[in-house]
Participant: 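Just dropping this structure here.
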Amino acid sequence: MFQCVVSVHHTMGGVEIDKNARVLDTSGKVIPGLFAAGEVTGGIHGENRLGSMSMPDTVTFGRIAARSVWDGV
């Protein structure tokens, strides 16, 4: 026998980013100097995302955001 509970592990949605982790405005244009990663971002996976992808997504886009800031993208 095992016990199971419903829980929320991350939220869907938030600010939209591009492949360089730059935040996009409502027109889809880059907001200069604003980068994001993790649970505050949306749009990368569309309408749904696998639960197991939340940590790799956060780490990957955290590194991309840092590199983009460093490189001045």
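Keep in mind that this is a model prediction, so the values were computed, not measured.
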Participant: Test of understanding: clusters of I, L, V, M, F, W, Y form through side-chain heavy atoms closer than 4.5 Å, transitively. Do I17 and I31 belong to the same one?
Facilitator: yes
Participant: Please name the pair of heavy atoms, one in G62 and one in A37, separated by the smallest distance, quoted to 0.1 Å.
Facilitator: N-CB, 3.5 Å
Participant: Do the side chain of S68 and the main chain of N20 share a donor and acceptor less than 3.5 angstrom apart?
Facilitator: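 Yes, because the side chain of S68 sits within donor-acceptor range (under 3.5 Å) of the backbone of N20.
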Participant: Does any part of the side chain of V30, heavy atoms only, come nearer than 4.5 Å to the side chain of D18, both counted from C-beta?
Facilitator: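 Yes; the side chains approach each other to less than 4.5 Å.
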Participant: Closest heavy-atom contact between V15 and A36?
Facilitator: CG2-CB, 3.9 Å
Participant: Same cluster for F61 and V23 if Ile/Leu/Val/Met/Phe/Trp/Tyr side chains link at under 4.5 Å?
Facilitator: yes
